[in-house]
Colleague: 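Before I ask anything, let me first share the structure, which is written out below as structure tokens.
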Amino acid sequence: MTTDHTQATPGVRLRSNGAVDEEILAYARTKIDAVLGRPGLPAVTGEVHIGRAAAHHAGHPWSAAADLRIAGRRVVAAAEEATGTEAVDRLQDRLRRQADKAAAHARDDVNRTTAPPWRGGDPRSAPAAGPGGAAPSPGTT
């Protein structure tokens with residue numbers, strides 16, 4: 001059976017491994033969209049995997065993992081818990097922290113100024129005037 005969950009983040013694919021029911025997938029989609037669909041967050045692409053181990057003796061049979069790209073930066077988060085909702089909640093917390101860091105780095109990259117040529121920057125970005133305020137005359141070197 002195929003279901004279509006409304007997505008606030010269409011670039012993020014949600015996948016399941018093992019016996020994961022539709023309720024957990026819908027819950028995961030809601031939580032992921034709450035973190036990654038926030039206004040002001042750069043474009044997000046990638047995948048989130050929700051899985052349930054087949055072994056009954058596993059202490060934490062539910063796992064959730066995300067491998068995303070936020071503004072060109074790779075963000076990876078993972079969680080293992082006893083229930084599906086706990087795993088999704090833990091993943092949501094970890095994704096929120098990582099997404100905030102990636103967004104802050106993206107803002108820093110945009111706001112960063114170019115270093116002057118004497119510090120290894122691009123010489124084409126140097127000011128036209130010299131240190132005294134006057135442009136150098138064409139005949140001098």
Side-chain angles (χ1 to χ4, degrees), residues 1-138 140-141:
M1 180 171 142
T2 305
T3 59
D4 184 25
H5 298 290
T6 304
Q7 298 182 35
T9 52
V12 177
R13 174 184 245 171
L14 179 61
R15 297 180 138 195
S16 64
N17 300 328
V20 180
D21 58 352
E22 289 296 320
E23 287 181 31
I24 297 297
L25 289 175
Y27 183 75
R29 175 52 69 188
T30 302
K31 293 293 192 167
I32 292 164
D33 287 347
V35 172
L36 303 177
R38 297 178 305 191
L41 196 65
V44 180
T45 59
E47 290 186 350
V48 175
H49 295 269
I50 308 295
R52 184 173 185 184
H56 297 286
H57 63 277
H60 297 292
W62 287 90
S63 65
D67 186 4
L68 305 171
R69 287 286 214 191
I70 300 176
R73 295 189 179 271
R74 187 171 185 202
V75 173
V76 178
E80 289 184 353
E81 292 295 329
T83 67
T85 55
E86 289 174 358
V88 170
D89 289 342
R90 178 75 51 107
L91 182 70
Q92 180 191 25
D93 293 340
R94 292 177 179 173
L95 273 179
R96 178 171 284 125
R97 283 192 299 273
Q98 295 292 333
D100 290 346
K101 286 181 186 179
H105 284 293
R107 283 191 299 273
D108 289 346
D109 290 346
V110 169
N111 295 331
R112 185 169 289 139
T113 59
T114 305
W118 57 89
R119 293 208 174 163
D122 186 11
R124 292 172 287 177
S125 64
S137 62
T140 59
T141 56

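Just the heavy atoms: all of them, side chains too, but no hydrogens, waters or symmetry mates, feed the values below.
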Colleague: Looking only at non-hydrogen atoms, find the nearest pair between Arg96 and Ala34 and report the distance.
Modeller: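 That would be NH2-O, 4.5 Å.
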
Colleague: Over all heavy atoms of both residues, which pair between Val20 and Arg52 is shortest? Give the atoms and the distance, please.
Modeller: CG2-N, 4.1 Å

Colleague: Do you know which two heavy atoms are closest between Ala66 and Leu95, and how far apart they sit?
Modeller: CB-CD2, 3.8 Å

Colleague: Anything under 3.5 Å between a donor and an acceptor, one on a side chain of residues 76-88, the other on a protein residue two or more places apart or in another chain? List them.
Modeller:
{"from": "Glu81", "atom 1": "OE2", "to": "Arg90", "atom 2": "NH1", "distance (Å)": "3.3"}
{"from": "Glu81", "atom 1": "OE2", "to": "Arg90", "atom 2": "NH2", "distance (Å)": "3.3"}
{"from": "Thr83", "atom 1": "OG1", "to": "Glu86", "atom 2": "N", "distance (Å)": "3.2"}

Colleague: What distance separates Gln92 CD from Asp33 CG, expressed to the nearest 0.5 Å?
Modeller: 10.5 Å

Colleague: Atom CZ of Arg69 and atom CD of Glu47: how far apart are they, to the nearest 0.5 Å?
Modeller: 13.5 Å

Colleague: Would you mind telling me which of Ile24, Val48, Ile50, Leu14 makes a side-chain contact (heavy atoms from CB on, under 4.5 Å) with Arg29?
Modeller: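 Between Arg29 and the candidates, side-chain contact (heavy atoms from CB on, under 4.5 Å) is satisfied uniquely by Leu14.
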
Colleague: Would you sort out whether Asp100 and Arg38 count as a side chain to side chain contact (heavy atoms under 4.5 Å, CB included), showing the intermediate values?
Modeller: CA-CA 11 Å; Asp100 290 346; Arg38 297 178 305 191; 2.8 Å; yes

Colleague: If I compare all heavy atoms of Ala99 with all of Leu41, which pair ends up nearest, and what's the gap?
Modeller: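 Taking every non-hydrogen atom into account, O-CD1, 4.0 Å.
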
Colleague: Run the side chain to side chain donor-acceptor pair (under 3.5 Å) test against Arg74 and tell me which residues pass, sequence neighbours left out.
Modeller: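 Listed in chain order: Asp67.
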
Colleague: Any chance the side chains of Asp89 and Tyr27 put a donor and an acceptor closer than 3.5 Å?
Modeller: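 Side chains of Asp89 and Tyr27: pair found under 3.5 Å.
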
